[in-house]
**Q** 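If you scroll down you'll find the structure; I have some questions about it.
In this text the structure is predicted, and so the values were computed from the model without any measurement. Computed over heavy atoms, backbone and side chain alike; hydrogens, waters and symmetry mates excluded. Indexing begins at 1, ligand by ligand and atom by atom, following the structure's order.
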Amino acid sequence: MAYFMIKGGNVLAGSVKVKGAKNSMLPIMAAAILSSENREVVLENIPDILDMHMKKSILQSLGLKVSYGENTLCLNACEVNSHTIPTALMREMRSSIFLMGPILARLGKVRVTYPGGCSIGPRPIDLHLKGLEALGANIWEEKGYIVASTSGLKGAEIHLDYPSVGATENLMMAAVLAHGTTFIHNAAKEPEIIDLQNFLNAMGANVRGAGTENVRIRGVEALGSCRYRIIPDRIVAGTYLMAGAITGGRLTVRDIIPSHLDAVVAKIKEAGVVIEAGEDSLSVINGRLKGVETLRTLPYPGFPTDLQSPMMALLARAEGRSNIIESVFEARFKHVKELNRMNACIAVDGRTAMLEGGAALQGAEVSATDLRAGAAMVLAGLAAQGITIVREIRHIERGYENFDVELKKLGADIIRCEEGLSIKSGV
Ligand code: UD1
């Protein structure tokens with residue numbers, strides 16, 4: 001098992017380029033199933049991360065031809081022939097649930113097990129299933145599988161009880177080949193939803209309204225191939241900004257869309273950090289860290305839940321008190337225990353974490369309990385006194401391309417080790 005060993009205290013400086021968003025790439029890879037043309041869908045700006053490889057394996061198991069190289073994915077779904085996602089692969093990734101919509105639309109039947117992914121509390125899929133039923137799918141459980149079938153999806157009016165990102169995407173993909181028009185009300189407004197709309201339209205779909213709470217999808221007969229560039233990863237960008245801020249460094253994050261990070265930048269600034277915006281970059285110019293009265297995670301354009309844990313690491317280092325309210329997911333505070341091992345002072349009451357900042361973080365042996373919590377532990381390690389070992393880094397590698405290599409280029413003292421290497425061998 002690999003782990004990161006970090007010697008804290010180095011001030012990060014320089015610049016880092018951010019690649020395509022994992023959370024755009026995953027639904028867009030699923031949407032490639034909708035192309036019946038015998039030509040490749042080409043996706044550019046694809047990060048070399050574990051989730052991409054996992055999704056690639058799932059698509060190959062369905063009969064797609066998929067190849068990857070130089071941050072480009074080529075997918076041909078002309079011969080997609082299986083409607084069953086292998087259980088082992090499904091359990092690895094929650095986002096496999098997105099496959100229900102496009103497989104159903106393309107083959108009229110789909111069979112999946114309950115999805116896996118990050119362990120961040122109960123993650124029901126009721127909104128996905130209700131929406132697919134509204135579009136005309138029959139759904140039942142059979143020997144541990146969820147099975148959906150249809151003799152033809154039909155446009156429908158769908159009101160989501162919550163603006164779920166995954167449900168909005170799944171239903172958009174199911175509706176593009178449906179007969180008639182679908183309206184999704186109370187849709188999620190994340191930039192990744194707009195990216196999916198743009199991709200579907202590039203394939204020949206007719207989708208409007210993504211980025212607002214009402215998405216309209218006019219069904220079309222068939223979709224074809226296209227070449228498409230994925231938007232930059234705002235969560236990876238935010239993580240690097242926080243890495244700069246936590247070390248008191250001066251660091252520029254490039255190739256991004258700064259407006260996607262408005263809520264994040266506002267909170268980092270509130271924590272005393274100076275940030276400058278360029279056309280496609282953001283720069284952290286250190287500052288004296290101070291606590292923020294309240295940080296609440298919300299659907300976009302609010303503060304993203306995916307940056308709650310890295311921000312907590314930052315605030316654990318800040319002078320004064322902070323309160324963090326996690327309103328998107330239940331049980332997304334597993335990193336609190338790990339941060340407290342590093343001398344942070346954080347108490348949790350339900351969905352609120354209360355931080356008493358100011359204490360110096362101390363190196364310790366900690367775990368990446370999920371993808372973003374893992375990034376938070378790395379950030380804490382960069383700022384801590386002494387050596388931090390972060391275990392279970394496969395979680396981090398699901399979503400960050402060459403995290404250790406990029407941080408090292410910025411001046412961090414971090415190495416990726418395989419089990420068995422002695423801590424005393426130095427960092
Ligand atoms: C996506 C992102 C994830 C991010 C999250 C919220 C991907 C691959 N993952 O996850 O990184 O943290 O959005 O921004 O894009 N819910 C239900 N019923 C449902 C679906 C969701 O109750 O059928 C609840 C969830 O339990 C959760 C909330 O809705 O409490 C938000 O979930 P959702 O927006 O669906 O997140 P994901 O699409 O899973």
**Q** Considering only heavy atoms of Val328, which atoms of ligand 1 have at least one such atom less than 4.0 Å away?
**A** 27 (C), 28 (C), 30 (O), 31 (C)
**Q** For Glu406, is there an ion pair with Lys19 - N to carboxylate O distance below 4.0 angstrom?
**A** no
**Q** Out of Arg332, Arg372, Arg296, His335, which one pairs with Gln308 under the side-chain hydrogen bond (donor to acceptor under 3.5 Å, both in side chains) rule?
**A** His335
**Q** Asn23 versus ligand 1: do any nitrogen or oxygen atoms come within less than 3.5 Å of each other?
**A** yes
**Q** Between Glu141 and Lys143 (salt bridge meaning N to carboxylate O under 4.0 Å), is one present in this structure?
**A** no
**Q** Quick check on Glu356: does its CD atom have over 12 non-hydrogen neighbours (other residues, nucleotides or ligands) under 6.0 Å away?
**A** yes
**Q** So is there a nitrogen or oxygen of Phe98 less than 3.5 Å from a nitrogen or oxygen in ligand 1?
**A** no
**Q** Which of the atoms in ligand 1, numbered in the order shown and given with their element, are less than 4.0 Å from a heavy-atom of Gly166?
**A** 35 (O), 38 (O)
**Q** Any nitrogen or oxygen of Asp306 lying under 3.5 Å from a nitrogen or oxygen in ligand 1? Just yes or no.
**A** yes
**Q** So is Pro124 close enough to ligand 1, meaning a heavy atom under 4.0 angstrom away?
**A** yes
**Q** Short list, please: which atoms of ligand 1 are under 4.0 Å from a heavy atom of Ile125?
**A** 19 (C), 23 (O)
**Q** If we ignore hydrogens and angles and just use 3.5 Å, is the side chain of Asn340 paired with the main-chain N or O of Ile346 as donor and acceptor?
**A** yes
**Q** Could you tell me whether Val165 approaches ligand 1 through its side chain, its backbone, both or neither, with non-hydrogen atoms closer than 4.0 Å?
**A** both
**Q** Side chain, backbone, both or neither: which applies to Asp126 and ligand 1 if a contact is any heavy-atom pair less than 4.0 Å apart?
**A** both
**Q** With a 4.0 Å cut-off on heavy atoms, does Arg332 reach ligand 1?
**A** yes
**Q** Report yes if some N/O of Ser164 lies less than 3.5 Å from some N/O of ligand 1; otherwise report no.
**A** yes
**Q** Would Arg341 and Glu338 pass as an ion pair if we require N to O under 4.0 Å?
**A** yes
**Q** Salt bridge check: are Arg416 and Asp404 linked by an N-O gap of less than 4.0 Å?
**A** no
**Q** Charged N to carboxylate O below 4.0 Å: is that the case for Arg391 and Glu419?
**A** yes
